[in-house]
Structure formats: C-alpha cells, structure tokens
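As the structure is a prediction and not an experimental result, all values here were calculated from the model. Every chain is numbered from 1, with letters handed out A, B, ... down the list of sequences.
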Amino acid sequence: GESVGLHLPTLSVQEGDNSIINCAYSNSASDYFIWYKQESGKGPQFIIDIRSNMDKRQGQRVTVLLNKTVKHLSLQIAATQPGDSAVYFCAENNGQNFVFGPGTRLSVLP
Amino acid sequence: GAGVSQSPRYKVAKRGQDVALRCDPISGHVSLFWYQQALGQGPEFLTYFQNEAQLDKSGLPSDRFFAERPEGSVSTLKIQRTQQEDSAVYLCASSETGTLGHTQYFGPGTRLTVL
C-alpha cells in the first residue's frame, strides 16, 4: 500500500527468501530510474539503475524491472540476507530533477 | 576512496537562528544536489548545481533557504531564521557528469533540529 507520513509500507521476508519491492512512478516522460537503499542514520546508497529503453537489468543478487505501460518499477532481491534490512527508495529522473518515492521498509526475519 | 562528506552531522538550532550546512562532493564531480528528508519520507529535491552554476532552485521552500557553490566544488546550504518545520535531514549528493542521467552518490546527511 501507499505510505503517508511516518507509516512506511513494510515488507517482511524470511532470510534466504526472495524479496520484491514495488514502486509506482508519476511521470511518463521519466527516462532514468534508480533504486537506493538507506540504512538508519546514513544517506541513500545506490543499488541499481535502469534507463527507459530497457525493461530489465540485473546486478549482483538484484534485478530491476521496468514496466513503462503502467509506470511501475520493481526491485527483486535474491536470497535476502539480514544486511538487506533497510528502507528502499525508487527515484525517477523527470528531466528536471530526481523525484523519490515514499520508500518501503524491508525487514528480514531470522 | 573518499565519498561525499557533510558537516556538521548534527545541528541543533533555536528558532530564529541562522545555520550553514556544508557539503564536500566527490572530487571532480560536476553536479551537486541538495535534498531535504523529513522523518519517514523520501528525499525531496531542493536545488542543483552544475559546477558553480545553480541551474535549478525550484525546490527551495522559501527565500530563507540559500545555496552556493562558488568554486564549483564545496557547497553550502544556508537557512536563515530557522523555523521548527525546517527540522529534517539535509542530504547532499554529487554526480560525475553535468547531466541528470547519471548516478548520484549521497553523503551521510546533516540532521537539523530546530527547537
């Protein structure tokens, strides 16, 4: 669901399972997207990016999927580990600046 | 290697005081961005520099906010006559090129609390 203020959507997954974090973006003209991971007390850390001429990109344990038709972005994390616990943000480049989504908190259960 | 650094990490100000927040971007990075992040929310764009030129300041919430990057490297975000609603984490990010289509690297942020 969407978050409002302090109520970040939370995804809880068992260690070792795969995680899927979703993001709806707003501007159909956006052509570059980034996923960031933010741990408590730290700045956002780059995970993976994708341009609008692609619909899938893979990194190490992470995959980003882009569906331009419905303006949807997802981040898949394989074999989720305790160190993956953080808040995850998607960001879109709308041609003027970067717009961040509200974030999803990923909680990894032992 | 050195990443983006920000100082101070924490700042407490009384309402009405002026504050100055510093950002040291990655050496050689052309673009520099400032964001404001309220508790539990995503970063919100404030302003963007390409070298010393401030190309976009549309996100600055009021004329109490002022940013500069006079020599195209270090940047300072100044907030005059701070208000309680200015309390947030202020994030700085830098990017290697002068276009928006490249990765931004973030600093740790400055947490500003206005009493």
Side-chain angles (χ1 to χ4, degrees), chain A residues 1-10 21-27 29-54 57 59 62 64 66 73 75 86-105, chain B residues 2-10 21 23-26 29 31-50 54-60 67 85 87-111 113:
Chain A
E2 295 295 326
S3 68
V4 177
L6 296 175
H7 301 290
L8 280 174
T10 298
I21 301 171
N22 296 303
C23 177
Y25 64 92
S26 57
N27 192 328
S30 293
D31 60 0
Y32 179 57
F33 305 86
I34 305 177
W35 277 102
Y36 285 96
K37 171 186 180 183
Q38 188 173 28
E39 297 173 288
S40 181
K42 297 183 179 180
Q45 176 189 355
F46 172 87
I47 302 174
I48 191 168
D49 59 0
I50 189 168
R51 299 194 185 276
S52 59
N53 60 353
M54 305 173 68
R57 188 157 190 234
V62 294
V64 55
L66 174 62
L73 202 63
L75 176 70
V87 177
Y88 289 80
F89 294 99
C90 65
E92 62 178 299
N93 171 6
N94 62 9
Q96 288 186 296
N97 53 57
F98 280 91
V99 178
F100 281 73
T104 296
R105 183 179 303 280
Chain B
V4 178
S5 61
Q6 293 185 245
S7 62
R9 290 295 316 278
Y10 303 91
L21 312 180
C23 173
D24 285 78
I26 294 173
H29 275 199
S31 297
L32 185 146
F33 303 80
W34 283 100
Y35 292 86
Q36 181 189 61
Q37 186 174 26
L39 186 64
Q41 297 185 19
E44 291 195 0
F45 171 82
L46 294 177
T47 187
Y48 156 55
F49 290 85
Q50 188 178 117
Q54 190 173 19
L55 297 188
D56 188 343
K57 55 182 181 179
S58 61
L60 296 176
E85 61 263 27
S87 296
V89 174
Y90 290 85
L91 294 164
C92 175
S94 71
S95 176
E96 188 175 0
T97 71
T99 68
L100 290 174
H102 290 84
T103 305
Q104 297 184 11
Y105 297 92
F106 281 84
T110 294
R111 181 176 295 279
T113 302

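With rounding to the nearest 0.5 angstrom, the CG atom of A:Asp49 is 11.5 Å from the CD atom of B:Gln104. Distance CG/A:Asn97 to CG/B:Leu46: 10.0 Å, rounded to 0.5 Å. To the nearest 0.5 Å, the span separating OH on B:Tyr105 from CZ on A:Phe46 amounts to 6.5 Å. Atom-to-atom distance recorded for B:Thr103:OG1 and A:Ile34:CD1 is 5.0 Å, nearest 0.5 angstrom.
Using a 4.5 Å cut-off between heavy atoms, B:Arg111 does not touch chain A at all. For a residue to count as touching a neighbouring chain, one of its non-hydrogen atoms must lie under 4.5 Å from one of that chain's; by this rule A:Gln45 does not touch chain B. With a 4.5 Å cut-off on non-hydrogen atoms, B:Gln37 touches chain A through its side chain but not through its backbone.
Atom CD of B:Gln54 has more than 12 neighbouring heavy atoms from other residues, nucleotides or ligands inside a 6.0 Å radius.
Summarising the geometry of A:Pro44 relative to B:Leu91, their closest heavy-atom pair is CD-CD1, 3.8 Å, with the distance given to 0.1 Å.
Taking the six-membered ring where the residue is Trp, A:Phe100 and B:Phe106 present perpendicular rings, their angle passing 60° and hence far from 30°.
Contact count against chain A (heavy-atom pairs under 4.5 Å) is highest for B:Pro43 among B:Cys92, B:Gly109, B:Gly107, B:Pro43.
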